[in-house]
Number of protein chains: 2
Amino acid sequence: MAIPRAAKTQRRTRIQEEKEEQILEAALDVFSVSGFRGSTIDQIAEVAGMSKPNLLYYFRTKEAMHRALIDRVLDTWLEPLRAFDADGNPESEIRSYIRRKLEMARDFPRESRLFANEMLQGAPHVEDELKGPLKELVDEKAEVIRSWAKAGKIAKCDPYHLIFSIWSTTQHYADFDVQVRAVLGQEHAGAGRFEDAARFLEQLFIDGLKVKCVPNAS
Amino acid sequence: MAIPRAAKTQRRTRIQEEKEEQILEAALDVFSVSGFRGSTIDQIAEVAGMSKPNLLYYFRTKEAMHRALIDRVLDTWLEPLRAFDADGNPESEIRSYIRRKLEMARDFPRESRLFANEMLQGAPHVEDELKGPLKELVDEKAEVIRSWAKAGKIAKCDPYHLIFSIWSTTQHYADFDVQVRAVLGQEHAGAGRFEDAARFLEQLFIDGLKVKCVPNAS
DNA sequence: CGATAATTTGACCGATTGGTAAACATTACA
DNA sequence: TGTAATGTTTACCAATCGGTCAAATTATCG
């Protein structure tokens, strides 16, 4: 008798490890484009190169697959924000945060789209994570930014909307990739667009926050 | 015998006018949340308060409904960018463009999400509009911005990425509304968040582009 | 009013959906 | 090697999908 997912022995076999990886990879392909409702198990099965019942042997439902995928990706996705350091100096921290986020938009566009799809649908599967861990992390970093402003290191500004604007501008290059390519045209839609974006955004945020214009405080 | 959509008389009846409006309104509700693939005719029919065959009497296929919806919304959506005036002065033009886009995110979030969904899925239904009319419009406005930079009225910057960043930051408040609310928490997620966003974004872009720091040219 | 066109609906169709049952194949391990 | 656990597949299910059809209902207008 086959007991799906973690049988008698609580340890996962090599095959489980491999196949679950394979499935989540395919699921990311599909969910990130069509969203939860618009994706089908058959699609995922085809991309994964295995039969539908075989998928369902590892993940009992479509929801379970989506859930597992979100859980796995969420940590990675928030890493750049976690790396945001209170002890660093504002300019380099903001610069590297923008760069890191842009690199993720370039290297992991599917992950970005997965979350975007989830948000558009009202975050029915991750609302708790948003209100819990995410909010706490943002609150913490917002406090850092506020302290910088108080110390006169950057211009006074709403730290939450600053974070939102960095999120949105960078993720835009993953989520709206088709639009960006279409508008830039063939000449400028090459890989260099991420460099151009980085240059522009760094300039915008550094100057916009007057990071360097302020005399060294303390 | 009933000939669907524009019968013998080429003029549309009052009922046609009303029902089509009613259907597109419902379709906007549904498509904007679930995307094209994730939405069903039955859902739309239920929201519209009419039977499924009745919907299909006015729009022969799901695609036709989506198409009509996109067409209707696209014009409205690009209006703020069209209003972007070359003869105006940079500061007020950029300020009012940001305000207008934020107002649209506030007042027409479903329209914003409809497009966002379409982009995430690779724009299978609107790619031509992106490469054609949209690109031309952006090219034109980018030229305006470039001329401002050349005249020393604003800092030198990539006009395309400037436009992208205004799009993304403003639409973020519609597309990622759940996330914004979750992170801001109950205290700050009220209607005032749009005012806060406007203040922040205006400051960011005006200062970031050094609009006022530059001595009056010519 | 009467008649013709426009509108609406219930019943239905084949295809696809998420998911199951059980037979079959493979692996791990004593 | 044998055998029990694990992995895979074929066949299938009820529900839902997009869409059709013909009959019934309603609006329009002379």
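Side chains are part of it too, since the values below use all heavy atoms of this structure and drop only hydrogens, waters and symmetry mates. Quick note on labels: first sequence line is chain A, next is B, and so on, each numbered from 1.
- Ring planes of B/F164 and B/H161: perpendicular class, angle over 60° (limits at 30 and 60°).
- When rounded to the nearest whole Å, the span between NE2 of A/H66 and P of C/dG19 equals 13 Å.
- B/R181 has no carboxylate O lying under 4.0 Å from a charged side-chain N of A/E127, or vice versa, which leaves the two without a salt bridge.
- Ionic pairing of A/D175 and A/R113 is not present here: no N-O contact between side-chain nitrogen and carboxylate oxygen is shorter than 4.0 angstrom.
- If you take CG of B/N54 and P of C/dA6, they are 15 Å apart, rounded to a whole angstrom.
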Give every pair of a protein N or O atom and an N or O atom of nucleotides 17-20 of chain D that lie under 3.5 Å apart, one pair per line with the distance.
from	atom 1	to	atom 2	distance (Å)
D/dG18	OP1	B/S39	O	3.2
D/dG18	OP1	B/K62	NZ	3.1
D/dG18	OP2	B/I41	N	3.0
D/dG18	N7	B/K52	NZ	3.1
D/dG19	OP2	B/K62	N	2.8
D/dG19	O6	B/K52	NZ	3.2

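- A straight line from CD of A/E20 to C1' of D/dG7 spans 13 Å, rounded to a whole angstrom.
- The environment of NZ in B/K131 is sparse: at most 12 heavy-atom neighbours from other residues, nucleotides or ligands sit within 6.0 Å.
- Taking only side-chain nitrogens and oxygens, A/Y57 never comes nearer than 4.0 Å to OP1 or OP2 of D/dT8.
- Summarising the geometry, atom CZ belonging to A/F59 is positioned 12.5 Å from atom CZ belonging to A/R67; distances are rounded to the nearest 0.5 Å.
- With no hydrogens or angles considered, a side-chain donor-acceptor pair links B/D139 and B/Y160 at under 3.5 Å.
- A salt bridge is absent between B/R100 and B/E103: the closest approach of a Lys/Arg side-chain nitrogen to an acidic carboxylate oxygen does not fall below 4.0 angstrom.
- When rounded to the nearest whole Å, the span between CD of A/Q22 and P of D/dT8 equals 9 Å.
- Less than 4.0 Å separates DNA chain D from no heavy atom of any residue of residues 118-127 of chain B.
- For the pair A/K19 NZ and D/dG7 C1', the computed distance is 8 Å after rounding to whole Å.
- Regarding contacts with the backbone of C/dA6, every side-chain N or O of B/Y58 stays at 4.0 angstrom or more from both OP1 and OP2.
- At whole-Å resolution of the value, CD in A/E18 and P in D/dT6 are 17 Å apart.
- Using a 30° and 60° split on the angle between ring planes, A/F31 and A/F36 fall in the parallel class, below 30°.
- Within the 4.0 Å cut-off from OP1 or OP2 of D/dT8, not a single side-chain nitrogen or oxygen of A/S51 is found.
- Atom CE in A/M50 sits roughly 16 Å away from atom C1' in C/dA25 (whole-Å rounding).
- One finds a side-chain N or O of A/Q16 lying less than 4.0 angstrom from the OP1 or OP2 phosphate oxygen of D/dG7.
- Taking 4.5 Å as the limit, some side-chain heavy atom of A/E118 sits within range of a side-chain heavy atom of A/P124.
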